[in-house]
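Taking it in order: structure first as structure tokens, then the write-up.
Every heavy atom of this structure was used, including side-chain atoms; hydrogens, water molecules and symmetry mates were not.
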Amino acid sequence: MEIFAKLESWDYLAAAMLLFSAWLLLGGIGRLQKSDPERVDAKKLRIRACGGLVAGALYLACRYLQL
């Protein structure tokens with residue numbers, strides 16, 4: 001439980017962004033598009049999900065690997 005004592009709110013936010021972006025890329029975009037194809041732009045959403053995935057991963061890597 002020592003690791004939870006060292007976590008900050010930004011770490012939780014980055015982890016949540018990383019998980020949500022991964023979910024979108026692994027099938028969430030398709031589910032959203034099935035529910036309302038007129039309002040969901042899959043290409044824009046895929047680009048933003050990739051950006052969120054990269055940003056979350058880089059933040060966590062820099063924070064814990066001291067890059």
Side-chain angles (χ1 to χ4, degrees):
M1 294 300 171
E2 185 179 311
I3 191 166
F4 292 115
K6 294 180 181 179
L7 292 178
E8 296 178 359
S9 60
W10 287 107
D11 300 334
Y12 291 115
L13 182 64
M17 186 170 57
L18 185 87
L19 291 174
F20 185 68
S21 296
W23 175 78
L24 281 173
L25 291 172
L26 294 175
I29 294 174
R31 288 182 183 178
L32 290 172
Q33 198 168 23
K34 282 181 190 175
S35 68
D36 194 2
E38 294 176 3
R39 293 187 65 191
V40 176
D41 187 1
K43 186 176 179 181
K44 278 186 182 179
L45 197 53
R46 187 169 291 113
I47 290 170
R48 291 181 183 180
C50 287
L53 188 75
V54 169
L58 282 177
Y59 172 81
L60 292 173
C62 289
R63 171 109 164 99
Y64 292 103
L65 298 178
Q66 302 299 325
L67 296 177

Calculate, to the nearest 0.5 Å, the distance between atoms CZ and CG belonging to R46 and L25 respectively. 7.5 Å

Determine whether Y59 and L13 make a side-chain contact, defined as any pair of heavy atoms from C-beta on separated by less than 4.5 Å. no

From CG (L24) to CG (L32), nearest 0.5 Å: 6.5 Å

If we only count heavy atoms from C-beta on, is the L65 to L60 side-chain gap below 4.5 Å? no

Return yes if some donor-acceptor pair links the side-chain N/O of S21 with the main-chain N/O of L18 below 3.5 Å, else return no. no

Answer whether the closest heavy-atom distance between the side chains of M17 and Y12 falls below 4.5 Å. no

Do the non-hydrogen side-chain atoms of I29 and R31 ever get within less than 4.5 Å of each other? no

For W23, I'd like to know if atom CH2 has over 12 heavy atoms of other residues, nucleotides or ligands within 6.0 Å. yes

